[in-house]
Amino acid sequence: MQAKIYKKWITVCESLTQMKDYNSAVQVINGLRETSIGRLPHLTSNLSIKWTEKLERLRNIYGPEQNFRKYRALSQTPPCIPFVGCSLKDLVYAYDGNPNKLESGAINFHKSRIIAQIVLSLKDTDYSFLKFNPQVAQALLNVTPWDQEALYQRSVAISQSLAAQAKECEDNALLKKDNKLLREEIEKLKRENEALKSENETLKSECEKKDELISNIKWKLKQQQIE
């Protein structure tokens, strides 16, 4: 069930990327990278090659390598919700990396234009064409986020539960193996018993033949004595 939900979130991240809601997509991929999730190996170890490739592709797209080079290559045409973290980083560089005034003492309008472009890129977020579902919206608003400690404790509880299940499965496997050996031993004893029965029948038959032979000999001797 947990692995199924994990794959569902990968699909959500793909859909958000296709819709160009990059900020939400980054939050999802970061959530999948969360320590409390990463320490549960069963979520990724059972993924097929297809799902593993999907997850790796999304991680590469939103990776910080080379100043988010792959993310910056994505389409930014409206409607689009850029990754705010990247935009804030650009704002810091634009503000700190450019003087407010030129050497001549004039206002550095180039700096102002760069800052304005970054800020305006965050405003083209009109997704009103999408169908609004009030039930989904309310469900999201009603969610109470867990803090890091609560997430970690939940992760530990899941790990312990999985370990207990694995131990139980191992014990069951050993019991099944022992039961199989016992059944094989019982079948072997049955075969040996059948063999002993057959041998007993043979011995009984031979004994009866010998008894009959002795009776015949005794009868003949008795007849000879009478004569």
Side-chain angles (χ1 to χ4, degrees), residues 1-48 51-72 74 76 79-96 118-119 121-128 130-169:
M1 182 63 181
Q2 292 172 353
K4 185 177 180 180
I5 294 175
Y6 191 86
K7 289 191 289 187
K8 181 66 176 179
W9 279 111
I10 294 175
T11 302
V12 169
C13 190
E14 282 186 320
S15 298
L16 290 170
T17 300
Q18 293 171 1
M19 293 171 59
K20 293 183 286 187
D21 183 356
Y22 302 130
N23 193 63
S24 297
V26 170
Q27 305 313 311
V28 172
I29 204 68
N30 286 342
L32 296 178
R33 285 174 173 169
E34 174 66 37
T35 303
S36 57
I37 300 297
R39 67 185 304 278
L40 300 174
H42 71 285
L43 294 177
T44 54
S45 61
N46 294 325
L47 290 179
S48 63
W51 285 100
T52 301
E53 290 176 347
K54 285 183 177 184
L55 179 60
E56 191 61 29
R57 185 178 66 83
L58 291 169
R59 285 175 174 173
N60 288 335
I61 289 175
Y62 298 108
E65 293 79 12
Q66 299 180 0
N67 195 23
F68 296 95
R69 180 178 63 85
K70 291 185 178 180
Y71 159 70
R72 294 180 187 277
L74 297 174
Q76 303 286 333
C80 173
I81 303 179
F83 172 33
V84 176
C86 188
S87 299
L88 291 176
K89 182 179 180 182
D90 291 344
L91 277 174
V92 171
Y93 282 140
Y95 187 82
D96 293 341
I118 296 172
V119 173
S121 70
L122 300 174
K123 295 180 64 178
D124 296 324
T125 59
D126 183 13
Y127 282 88
S128 59
L130 294 177
K131 183 179 179 180
F132 179 72
N133 189 324
Q135 293 180 339
V136 173
Q138 189 60 48
L140 292 173
L141 291 173
N142 291 339
V143 171
T144 302
W146 287 7
D147 58 22
Q148 293 295 320
E149 180 62 23
L151 288 171
Y152 180 77
Q153 292 301 326
R154 177 58 178 164
S155 180
V156 170
I158 292 174
S159 295
Q160 292 174 345
S161 175
L162 290 173
Q165 290 178 14
K167 182 66 169 59
E168 184 178 353
C169 289

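Bear in mind that the values here come from a model prediction, so they are computed numbers and not experimental data.
- The side-chain heavy atoms of Ile158 and Gln2, taken from C-beta on, include a pair separated by under 4.5 Å.
- Counting all heavy atoms, side chain and backbone alike, Ser87 lies closest to Leu122 at OG-CD2, 3.5 Å.
- Closest heavy-atom contact between Ile118 and Ala94: CD1-CB, 4.3 Å.
- Put simply, the side chain of Ser155 never gets that close to the backbone of Leu151: no donor and acceptor are under 3.5 Å apart.
- With contacts defined as side-chain heavy-atom distances shorter than 4.5 Å, the pair Lys70/Glu65 does not qualify.
- One finds the NZ atom of Lys7 at 9.0 Å from the OG1 atom of Thr11 (value rounded to the nearest 0.5 Å).
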Full working for side-chain contact (heavy atoms from CB on, under 4.5 Å) between Lys89 and Asn67: CA-CA 10 Å; Lys89 182 179 180 182; Asn67 195 23; 3.1 Å; yes

Check against side-chain contact (heavy atoms from CB on, under 4.5 Å), Gln27 and Leu16: CA-CA 10 Å; Gln27 305 313 311; Leu16 290 170; over 6 Å; no

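- Summarising the geometry, atom CZ belonging to Arg154 is positioned 10.5 Å from atom CD1 belonging to Ile37; distances are rounded to the nearest 0.5 Å.
- The two residues Ala25 and Thr17 make their nearest non-hydrogen contact at CB-OG1, 3.8 Å.
- We find the CG-CD distance between Asn133 and Gln138 to be 11.5 Å, quoted to the nearest 0.5 Å.
- When all heavy atoms are compared, the tightest approach of Tyr127 to Cys80 is OH-CA, 3.5 Å.
- Counting all heavy atoms, side chain and backbone alike, Pro145 lies closest to Val143 at CD-O, 3.4 Å.
- In this structure, Arg39 contributes its side chain and Tyr152 its backbone to no donor-acceptor pair below 3.5 Å.
- Summarising the local packing, CH2 of Trp51 is surrounded by more than 12 heavy atoms from other residues, nucleotides or ligands at distances under 6.0 Å.
- Donor-acceptor pairing under 3.5 Å is lacking for the side chains of Tyr6 and Thr44.
- By the 4.5 Å heavy-atom criterion applied to side chains, Thr35 and Gln148 are not counted as neighbours.
- In this structure, the side chain of Asn23 does not engage the main chain of Ile81 through any donor-acceptor pair within 3.5 Å.
- For the atom pair CD of Glu56 and CD1 of Ile10, the computed distance is 11.0 Å after rounding to the nearest 0.5 Å.
- Counting non-hydrogen atoms of other residues, nucleotides and ligands closer than 6.0 Å to OH of Tyr95 gives a total of 12 or fewer.
- Using a 4.5 Å heavy-atom cutoff, the side chains of Val119 and Leu91 are in contact.
- Panel note: side chain Arg33, backbone Arg59; a donor-acceptor pair is recorded below 3.5 Å.
- At least one donor-acceptor pair closer than 3.5 Å links the side chain of Tyr71 to the backbone N or O of Phe83.
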Derivation of the side-chain contact (heavy atoms from CB on, under 4.5 Å) call for Cys86 and Arg72: CA-CA 9 Å; Cys86 188; Arg72 294 180 187 277; 3.2 Å; yes

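- Here the CG atom belonging to Asn30 is positioned 11.0 Å from the OH atom belonging to Tyr62, to the nearest 0.5 angstrom.
- Nearest approach of Pro79 to Lys20, heavy atoms of both residues: O-CE, 3.5 Å.
- Between the CD1 atom of Ile29 and the OH atom of Tyr22 there is a distance of 14.5 Å, given to the nearest 0.5 Å.
- With no hydrogens or angles considered, no side-chain donor-acceptor pair links Gln18 and Glu14 at under 3.5 Å.
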